[in-house]
Amino acid sequence: MNKGTIVRVVGGLFYVLSDSIKYKCTASGRLRDFKIIPIAGDHVYFEKTNDKEGYIKEVLERKNRLIRPPVANVDQVIVVVSLKQPEFSSMLLDKYLVQILDNEIEPIIYLSKKDLVDDLSQYEKIMKYYQDAGFKVYFVNSLDIRNKEIFEEILTSKISVLTGQSGGGKSTFINGLGIGFDIKTGEYSKALGRGRHTTREVEFLDVYGGLLADTPGFSSLDLDVDEIRLSQIYPCFKEYALDCKFRGCLHKENSSGCKVREAVNQDLIAEETYGNYLKILEEIENRPKRW
Ligand SMILES: Nc1nc2c(ncn2[C@@H]2O[C@H](COP(=O)(O)OP(=O)(O)OP(=O)(O)O)[C@@H](O)[C@H]2O)c(=O)[nH]1
Ligand SMILES: [Zn+2]
């Protein structure tokens, strides 16, 4: 038996990458009997029927899965947010981070259009807090052809999904990989819409020794978390939220003795991040309850 990873699902066929070769596989009867539907990113055991084809016998346990796009075992989500055109918004960044952290996946912060910024220091200042909180942050000019090292550092050995605002530079990111997979800029996010993709059709690009989904994730910014979850997973809050002695503390402005408030006062969490948190918290508190 061979081990591989599903890199593409099309019309009931599964393309399994194993030792740099792609095998066109069907699902074994046993999988179908158990109603196990393999998805892209699944690590599988498969039997070869010839040197190009085979059938999947077993799907290994998934460490996570996203619904849109339907992919499994995502190691990281790369958040592509521009510094200019459109103007950087830490609020927008935080919302993406919340969604990713809620799925217990590592976010990578990729800030594009560095070349359009005269003075990077204000952005570096705010991003320092995120770096201190353990996030990997990249300032990049995606139009520069010398980004090989950055791509290598980000992508190697990982299963990655891209996300980010429209016009932030996701297509440009992919085109910059230099793998001849050309997407018209501005067209990328349509991949999730009615366009060429049916909902079950995702392809992983085999790049820099890693796999990158050709379809963006988390395209909607409607947060699906409740107040308590938000207060626990909010970017840069982590250790302080865990330490907060009040069970169920929402770290509001009037919560005296709250560790998160203390961290904000001691400038360990950016005021701006905390301000975003309070706004998002209010949005969640004010949204109509679904039950
Ligand atoms: N100067 C500069 N322009 C960039 C950079 N990254 C992207 N762009 C430009 O920004 C515009 C939008 O980039 P896209 O790659 O289409 O953005 P996208 O995220 O794929 O957008 P959607 O498909 O709408 O989601 C294009 O004109 C790109 O050429 C960068 O680092 N520097
Ligand atoms: Zn608190």
Side-chain angles (χ1 to χ4, degrees), residues 68-69 77-89 92-93 96 108-118 120 123 137-148 150-151 154 160-179 181-197 205 212-221 227-234 236-266 268-269 273-274 277-278 281:
R68 291 193 87 201
V77 176
I78 304 164
V79 188
V80 180
V81 170
S82 59
L83 295 168
K84 292 275 175 195
Q85 301 176 19
E87 190 74 33
F88 175 74
S89 151
L92 192 79
L93 173 65
Y96 282 112
I108 304 289
I109 303 173
Y110 181 100
L111 302 166
S112 66
K113 313 198 192 186
K114 175 185 166 185
D115 54 302
L116 300 183
V117 174
D118 292 329
L120 262 189
Y123 304 105
V137 179
Y138 296 87
F139 291 90
V140 193
N141 166 10
S142 298
L143 301 180
D144 192 329
I145 53 166
R146 293 161 301 178
N147 289 329
K148 196 169 175 290
I150 296 178
F151 289 135
I154 297 178
S160 309
V161 169
L162 286 174
T163 191
Q165 80 211 104
S166 180
K170 298 179 294 300
S171 314
T172 308
F173 179 104
I174 291 197
N175 292 340
L177 296 169
I179 49 170
F181 187 91
D182 253 8
I183 309 179
K184 237 165 70 192
T185 47
E187 288 290 307
Y188 186 64
S189 293
K190 287 192 192 144
L192 257 191
R194 294 156 290 121
R196 70 200 164 90
H197 281 264
L205 309 171
L212 173 66
D214 73 336
T215 307
F218 304 103
S219 61
S220 148
L221 278 177
E227 298 92 317
I228 294 289
R229 180 83 176 142
L230 186 80
S231 73
Q232 292 163 345
I233 62 165
Y234 204 80
C236 304
F237 280 19
K238 202 172 176 185
E239 56 185 287
Y240 310 109
L242 284 175
D243 272 2
C244 191
K245 66 179 174 189
F246 304 115
R247 237 184 122 89
C249 176
L250 293 178
H251 326 308
K252 289 192 182 181
E253 268 160 312
N254 56 3
S255 319
S256 63
C258 160
K259 289 286 177 201
V260 171
R261 289 276 320 133
E262 260 175 50
V264 177
N265 291 341
Q266 292 165 13
L268 298 166
I269 295 172
T273 305
Y274 183 61
Y277 167 75
L278 292 177
L281 182 65

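The shown structure was predicted, so the numbers you read here are calculated from the model rather than taken from an experiment. Start at 1 and go down the list; that is how both ligands and their atoms are numbered. When a residue number appears, it is its place in the shown sequence, counting from 1. In what follows, every heavy atom counts, from backbone to side chain, and hydrogens, waters and symmetry copies are set aside.
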Out of Val117, Ile174, Thr172, indicate the one that has the non-hydrogen atom closest to atom 15 (O) of ligand 1.
-> Thr172
Check whether any N or O atom of Gly169, backbone or side chain, sits under 3.5 Å from an N or O atom of ligand 1, and answer yes or no.
-> yes
Give a yes or no on whether the backbone of Gly168 and the side-chain of Ser112 come within a donor-acceptor separation of less than 3.5 Å.
-> yes
Can you measure from SG (Cys249) to CD (Gln232) and round to the nearest 0.5 angstrom?
-> 10.5 Å
Examine ligand 1 and decide if any of its atoms is less than 4.0 Å from a heavy atom belonging to Gly168.
-> yes
Kindly give the heavy-atom pair with the smallest separation between Pro86 and Lys113, and that separation in Å.
-> CD-NZ, 4.4 Å
Contacts of Asn141 meeting side-chain contact (heavy atoms from CB on, under 4.5 Å) (sequence neighbours excluded), chain-then-number -> Asp115, Leu143, Asp144
For Tyr110 and Ser142 the tightest heavy-atom approach is OH-OG, 2.7 Å
To the nearest 0.5 Å, atom CG of Leu281 lies from atom CD of Glu227 at 6.5 Å
How long is the span from the CD1 atom in Ile228 to the CG atom in Leu250, to the nearest 0.5 Å?
-> 5.0 Å
Those atoms of ligand 1 less than 4.0 Å from some heavy atom in Val140 = 31 (O)
Indicate the ring-plane relationship of Tyr274 and Tyr277, choosing parallel, tilted or perpendicular according to the 30° and 60° boundaries.
-> parallel
Contact region, Asp115 to ligand 1, non-hydrogen atoms below 4.0 Å, reads side chain
Taking 2.8 Å as the upper limit, name the protein N, O or S atoms near the Zn ion (ligand 2).
-> Cys244 SG, Cys249 SG, His251 ND1, Cys258 SG
Quick one: look at Gln85 and ligand 1, take heavy-atom pairs under 4.0 Å, and tell me if it's side chain, backbone, both or neither.
-> neither
Mark the output for Val80 as yes if a heavy-atom distance to ligand 1 is under 4.0 Å, and as no if none is.
-> no
For Leu212 and Leu177, work out which heavy atoms get closest and say how close.
-> CD2-CD1, 3.7 Å
Ligand 1 to Ser142 polar contact by distance, N or O atoms, under 3.5 Å = yes
Pairwise distance CD(Glu239) to CD1(Ile269) - rounded to 0.5 angstrom = 8.5 Å
By number and element, which atoms of ligand 1 are closer than 4.0 Å to a non-hydrogen atom of Asn141?
-> 30 (C), 31 (O), 32 (N)
side-chain contact (heavy atoms from CB on, under 4.5 Å) against Asp243, all qualifying residues, sequence neighbours excluded = Lys259
Can an N or O of Phe173 be found at a distance shorter than 3.5 Å from an N or O of ligand 1?
-> no
Which bit of Asn175 is near ligand 1, meaning a heavy atom under 4.0 Å away: side chain, backbone, both or neither?
-> neither
Which atoms of ligand 1 sit under 4.0 Å from any heavy atom of Leu116?
-> 1 (N)
Centres of the Tyr123 and Phe139 rings: under 6.0 Å?
-> no
Name all residues meeting the side-chain contact (heavy atoms from CB on, under 4.5 Å) criterion together with Lys148; count only those two or more places apart in sequence or in a different chain, and write none if there are none.
-> Glu152, Tyr208
Applying a strict 4.0 Å limit to heavy atoms, is Gln165 in contact with ligand 1?
-> yes
Does an N or O anywhere in Lys170 fall below 3.5 Å from an N or O of ligand 1?
-> yes
